[in-house]
Amino acid sequence: MSTHHSDRDYSDYSADQLREAAQRISSDLARAQEMAGDGGLRQEGVERQQDLQQWMRNEASRRDQN
């Protein structure tokens, strides 16, 4: 399955590109949390990004095995 449940199609991404995108999510979340300060970020948004990040890592691993 090359489509995340967000309905975005990642079939054109290589395993390396998926890993890079997952790493960018980590960097973007860290930067956003730093900028948000004490108020923090909405947990729902963070969880969505972390879910996508995990899916990308799993999909990259799956593609490496094929």
Side-chain angles (χ1 to χ4, degrees):
M1 179 169 118
S2 293
T3 303
H4 180 253
H5 62 76
S6 65
D7 291 331
R8 178 148 182 210
D9 184 7
Y10 291 95
S11 59
D12 291 342
Y13 282 55
S14 70
D16 287 338
Q17 288 173 315
L18 285 168
R19 276 189 281 279
E20 289 170 14
Q23 182 56 46
R24 277 194 306 274
I25 289 172
S26 290
S27 299
D28 290 349
L29 279 174
R31 186 171 33 256
Q33 287 174 329
E34 184 178 308
M35 291 175 62
D38 292 337
L41 298 173
R42 285 188 17 211
Q43 191 60 32
E44 177 183 301
V46 171
E47 288 172 359
R48 257 196 328 267
Q49 290 300 305
Q50 289 173 334
D51 175 66
L52 176 59
Q53 180 183 43
Q54 185 62 46
W55 180 88
M56 287 176 164
R57 289 181 175 147
N58 291 342
E59 181 68 10
S61 294
R62 186 189 69 77
R63 291 180 189 194
D64 284 340
Q65 294 173 2
N66 289 337

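With respect to the salt-bridge test (charged N to carboxylate O, under 4.0 angstrom), the residues D64 and R19 qualify.
If you take CD on E20 and OG on S14, they are separated by 7.0 Å, rounding to the nearest 0.5 Å. Y13 OH to R8 CZ: the interatomic distance, rounded to the nearest 0.5 Å, is 4.0 Å. Between the CD atom of Q50 and the CG atom of L52 there is a distance of 11.0 Å, given to the nearest 0.5 Å.
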*Evaluate the side chain to side chain contact (heavy atoms under 4.5 Å, CB included) criterion for residues Y10 and E59: first the C-alpha distance (whole Å), next the side-chain angles of each, then the deciding distance (0.1 Å), finally the verdict.*
CA-CA 9 Å; Y10 291 95; E59 181 68 10; 5.9 Å; no
I'd like a table of donor-acceptor pairs (distance under 3.5 Å, sequence neighbours excluded) in which one partner is a side-chain atom from residues 27-35, with atom names and distances.
{"residue": "S27", "atom": "OG", "partner": "Q23", "partner atom": "O", "Å": "3.4"}
{"residue": "D28", "atom": "OD1", "partner": "R31", "partner atom": "NH2", "Å": "2.6"}

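When all heavy atoms are compared, the tightest approach of A22 to M56 is N-SD, 3.7 Å.
Identified under the salt bridge (Lys or Arg N to Asp or Glu O under 4.0 Å) test for residues 46-55, with sequence neighbours left out: E44-R48.
At a threshold of 4.5 Å between non-hydrogen side-chain atoms, the residues V46 and R42 do not count as touching. Contact annotation: the side chain of L18 approaches that of R63 to within less than 4.5 Å [non-hydrogen atoms, C-beta and beyond].
Although no hydrogens or angles enter the test, the distance criterion places no donor-acceptor pair under 3.5 Å between the side chain of Q53 and the main chain of I25.
With no hydrogens or angles considered, a side-chain donor-acceptor pair links D9 and S11 at under 3.5 Å.
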